[in-house]
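Comments concern the structure below.
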Amino acid sequence: MVFLKLLENIRCKTDEILDAKNYGSVQFSVESAKPGFGDITCNVPFLLSKQLKKSPQEISAELSKMYNFDDMLEIKNVQSHASGYLNFNIDYTKFNDLVISSSLQENYGALEFGNNEKIVVEHTSVNPNKALHVGHIRNIILGDVVSKILKKANYNVKVLNYVDDSGLQVADIIVGFTELGFSQESPDNQKFDHYCGDTVYVKTTEKYESDKELEGKRHEILKQIEDSSSEVSKIAQTITRKVLDAQLKTVWNLGVFYDCLNFESQIIHSKLWETIFEKLKSDNQIKYEDEGDNAGCWVIPAEGEDDKILVRSNGVATYIAKDIPYAAWKLGLVQDPFHYKIHSTQKNSQTLYETTLEGDNKLNFSGSKVITVIDNRQIRLQKIVSGLMAKFKEEGAYTHLGYESVTLSADTVKSLGLSVDGESAQMSGRKGLYVNADTVLETLTKRVYDESKSRNENLSESELQNIANIVAVGTIRYEMIKPDLDKIITFDLKNSLRLEGDTCSYIQYSYARASRILEKTDVKPNFDSGCELLSSEYEKNLIKKIAMFDVHVNDSVNNLSPKVIAKYSYELAVTFSSFYEHVKVLASETTELLNARLCLVVSFQKTLKASLGLLGIDAPERM
RNA sequence: GGGUUCAUAGCUCAGCAUGGAUAGAGCGAUUGCUUGCGGAGCAAUAGGUCGGGGGUUCGAAUCCCUUUGGGCCCGCCA
């Protein structure tokens, strides 16, 4: 901890002063100041103003005299500003070495407060009947980045992917295979998930329009899928496994990995639902309706809203009855009915497990806290689930991390050969109205490859491929992370190919430039001393930005907000770019200054790499 | 109809949680900067009644109420 510690120390000092003055306790803030107002600022004079019946300026002037920084050499002084703020100035001759040496440490920016507590993050959870589209990508990337940020804050994170292999969407493609005679092999080596989604799913649901008898079959097929002894169930299992494997290839290409896959069909067969149903009944969390519209149903009472039906009058459980046992299982509230077997070894060589009802391999994928990443259209359902979980465990143990959906711009819809009213359209798998994730990644990779090749004549084919991949993946990830969670992303194919301005490639470019500096000198930076020589505005700004990494990690963990790190990465890159332009490192006047600046460049690189790492983005040496 | 969410520069968005100093970026527009560590860059100019109205406060883009306009959700479907 560097900057957080500094803020904390100033806070303590301020508290002591308030104590000595008998001013009581006040909830004041100590935070990084805007440019032109010192380095760190405190608003306590404003908050005391009323109580003391003095102007903030007077209080500020009075308090500023009471600080003593003899035991805190990184702070040069405190100034009472005419506005009333207390503005603290950093002594960079002391601060530089501290920041630069800290940034070299292995886990720079890491925080302790997770205490290695086990936390489960579930994301992706796409029906295995189609390929992943750009909307799913937002979910996957958010989930992945949240899990990385939690790890940075010392949580023991387990990442799960729920595979809904027994829903109507799966039944729809099975209808296509068994009733409409679609081949179970994809033509022309087409990726199997694309074939199922783009052809079988779209064509089958289209046929429902004209063939109502066929539409009736889907429920029949669904029933058979749930009966594990049936022939249809075996076909469904083969098909969904193949689709899932194809989906996982896409996910791995984006640098996302899981610990365990949970199959819905197994949750159904595990009788977990029956267990939790009894528990809900005995705990009086649900009630049986004797009369009214819902007569004969078991319902979850909801405050201020209509009760949610849990079990129909015919005894069949509703959709939400699948989410509840799963949520309870994730929180470890029920005895684990599953065993675990290896599904595969992922691209990063991490083992991926899956649930099974046979065997004897016991592992534990539950956590004392659970974060479920699902888009905001499911917020109502998720509220009911988290409300129930709060009855069994403390409030907040189950968190729904929601976000707005991804829509397609009118231009992009037109490029798919479809029409649209208005400026954007919701994606729809049935209508074929979506852009596949693989397509975006391929298009972007090609674009970056061409760009990189035109700039680097001497790079080998494999180096160019590698750069194209790193930048393309980074670009997709960055665009998904950067906007606020409750902002709709309107995806536009053309716009997503931008590589200038506030983009991932701008950030990565700053890293590559830093590498060039280090490459062009024989001097090996010596970090032992001398960094106090860095005294220009550009150098100090960069050091301060590097120091503030922990502040932003802290912020992003507390608010489960990935975008904070995206913003920080960009700001860090901007600060470096300005330094790069104005301070010619290799033209430094003295060897001492050259050394100090090289240290700063290395420090910047380490920090940017760590920050991008939290976003799952690689930093290329060249591009 | 009920609920929820969004509205900040021509466009796309930060800032809002925890009220405070001069509301920040990118794109687009205009202009300047490469015999110099990579121009995917830097520097600058223009562009804002923070949707409207009211309130709380010494102080509101930020909190509360209201209103307008958009999105999403609201089945004994999944």
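Side chains included, hydrogens not; waters and symmetry mates left out as well; all remaining heavy atoms used. Chain naming here is simple, since letters A, B, ... match the order of the sequence lines and numbering starts at 1 in each. Here the structure is a predicted model, which is why all the values come from computation and not from measurement.
Atom CG in L586(A) sits roughly 8 Å away from atom P in C37(B) (whole-Å rounding). Summarising the geometry, the separation between CZ on R498(A) and C1' on A25(B) is reported as 12 Å, rounded to the nearest angstrom. Look at CG on L572(A): it is 16 Å from C1' on A25(B), rounded to the nearest Å. Between the P atom of U12(B) and the CD atom of E423(A) lies a distance of 8 Å, rounded to the nearest Å. Atom CG in D555(A) sits roughly 13 Å away from atom C1' in C16(B) (whole-Å rounding). Protein atom CG of D486(A) is 11 Å distant from nucleotide atom C1' of C16(B), rounded to whole Å. A straight line from CD of Q508(A) to P of G41(B) spans 13 Å, rounded to a whole angstrom. Here the C1' atom of nucleotide C42(B) and the CZ atom of F576(A) are 13 Å apart, to the nearest Å.
A heavy-atom distance below 4.0 Å to RNA chain B is reached by these residues of residues 38-52 of chain A, ordered by number: T41(A), F46(A), K50(A).
For the P atoms, the distance linking A46(B) with C63(B) amounts to 31 Å, nearest Å. Nucleotides G53(B) and G69(B) are separated by 15 Å at their C1' atoms, to the nearest Å. Rounded to a whole angstrom, the distance from the P atom of C6(B) to that of U62(B) is 13 Å. For C16(B) and G24(B), the C1' atoms lie 14 Å apart once the distance is rounded to whole Å. Comparing the C1' positions of G26(B) and A17(B) gives a spacing of 25 Å, expressed to the nearest Å. For the C1' atom pair drawn from A25(B) and A9(B), the interatomic distance equals 11 Å after rounding to whole Å. Nucleotides A7(B) and G15(B) have their C1' atoms positioned 15 Å apart, rounded to a whole Å. Only the C1' atoms considered, G75(B) is 33 Å distant from U67(B), to the nearest whole Å.
Figure legend. U4(B) is base-paired to G71(B); pairs are counted as Watson-Crick or G-U wobble with both atom distances under 3.5 Å. The partner of C63(B) is G55(B), judged by Watson-Crick or G-U wobble contacts that both fall below 3.5 Å. In this structure, C37(B) makes no Watson-Crick or G-U wobble pair, since no nucleotide meets both defining distances under 3.5 angstrom. A43(B) is paired with U31(B) under the Watson-Crick or G-U wobble criterion, all donor-acceptor distances under 3.5 Å. Both distances falling under 3.5 Å, in either a Watson-Crick or a G-U wobble arrangement, occur for no nucleotide opposite U18(B).
Sorted pairs that involve residues 399-409 of chain A and meet salt bridge (charged side-chain N to carboxylate O under 4.0 Å, His left out), not counting sequence neighbours, are lacking altogether. Each salt bridge (charged side-chain N to carboxylate O under 4.0 Å, His left out) pair with one or both residues in residues 589-599 of chain A, not counting sequence neighbours, appears once here: E539(A)-R597(A). For residues 495-506 of chain A, every residue pair satisfying the salt bridge (charged side-chain N to carboxylate O under 4.0 Å, His left out) rule, not counting sequence neighbours, is listed here: K482(A)-D502(A). Residue pairs meeting the salt bridge (charged side-chain N to carboxylate O under 4.0 Å, His left out) criterion with at least one member in residues 40-57 of chain A, sequence neighbours excluded: K54(A)-E62(A). Among residue pairs with one or both ends in residues 307-321 of chain A, none qualify as side chain to side chain donor-acceptor pair (under 3.5 Å); sequence neighbours excluded.
Here the side chain of V585(A) is nearest to one of C37(B), G38(B), A14(B), namely C37(B). Among A14(B), G41(B), A21(B), the nucleotide with an atom closest to any side-chain atom of N87(A) is A21(B). The side chain of Y570(A) approaches A25(B) more closely than any other nucleotide in the set G20(B), C37(B), A25(B). Closest to the side chain of D502(A), out of A14(B), G26(B), G41(B), is G26(B).
Look at Y506(A) and you'll find a side-chain N or O under 4.0 angstrom from OP1 or OP2 of C42(B). Side-chain nitrogen and oxygen atoms of K520(A) include at least one within less than 4.0 Å of the OP1 or OP2 phosphate oxygen of G38(B). Using a 4.0 Å cut-off, some side-chain N or O of S578(A) falls inside it from OP1 or OP2 of A43(B). Contact annotation: K584(A) side-chain N/O to C37(B) OP1/OP2 distance is not under 4.0 Å.
In U62(B) the O4'-C1'-N dihedral to the base is more than 90° from 0, which defines an anti nucleotide.
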Next item on the list: Assign a letter to each nucleotide of nucleotides 73-78 of chain B from its 5' end: B, base within under 4.0 Å of a protein heavy atom; S, sugar-phosphate only; -, no contact.
Entry: B--BSB
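Using a 4.0 Å heavy-atom cutoff across all strands shown, V583(A) reaches at least one base atom of the nucleic acid. Counting non-hydrogen atoms under 4.0 angstrom, E571(A) reaches nothing in the nucleic acid. Across all strands, L499(A) comes closer than 4.0 Å to base atoms (heavy-atom distances). Across all strands, R516(A) comes closer than 4.0 Å to base atoms (heavy-atom distances).
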Could I get a table of every N or O pair under 3.5 Å where one atom is in the protein and the other is in nucleotides 7-10 of chain B?
{"residue": "A7(B)", "atom": "OP1", "partner": "K487(A)", "partner atom": "NZ", "Å": "2.9"}

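The pair R377(A)-D375(A) meets the salt-bridge criterion, since a charged nitrogen lies less than 4.0 angstrom from a carboxylate oxygen. With salt bridges taken as basic N to acidic carboxylate O contacts below 4.0 Å, none links E463(A) and R622(A). A salt bridge links E519(A) with R516(A): the distance from a Lys NZ or Arg NE/NH1/NH2 to an Asp or Glu carboxylate oxygen falls below 4.0 Å. With salt bridges taken as basic N to acidic carboxylate O contacts below 4.0 Å, none links K223(A) and D227(A).
By the 6.0 Å and 45° rule, R11(A) stacks over the aromatic ring of F28(A).
For Y288(A), the ring-ring contact (aromatic ring centres under 6.0 Å, His included) partners two or more places apart in sequence, or in a different chain, are W298(A). Contacts of E58(A) classified as side chain to side chain donor-acceptor pair (under 3.5 Å), with partners at least two apart in sequence or in another chain: S55(A). Taking the ring-ring contact (aromatic ring centres under 6.0 Å, His included) definition, one finds that F579(A) meets it with F576(A), sequence neighbours left out. With sequence neighbours left out, F88(A) forms a ring-ring contact (aromatic ring centres under 6.0 Å, His included) with Y67(A).
The ring of Y568(A) has its center closer than 6.0 angstrom to the ring center of F549(A).
Residues I467(A) and K383(A) both approach RNA chain B. Their nearest nucleotides, taken by heavy-atom distance, put K383(A) toward the 5′ side. When the nearest nucleotides of RNA chain B are assigned to F579(A) and K34(A) by heavy-atom distance, the more 5′-ward of the two goes with K34(A).
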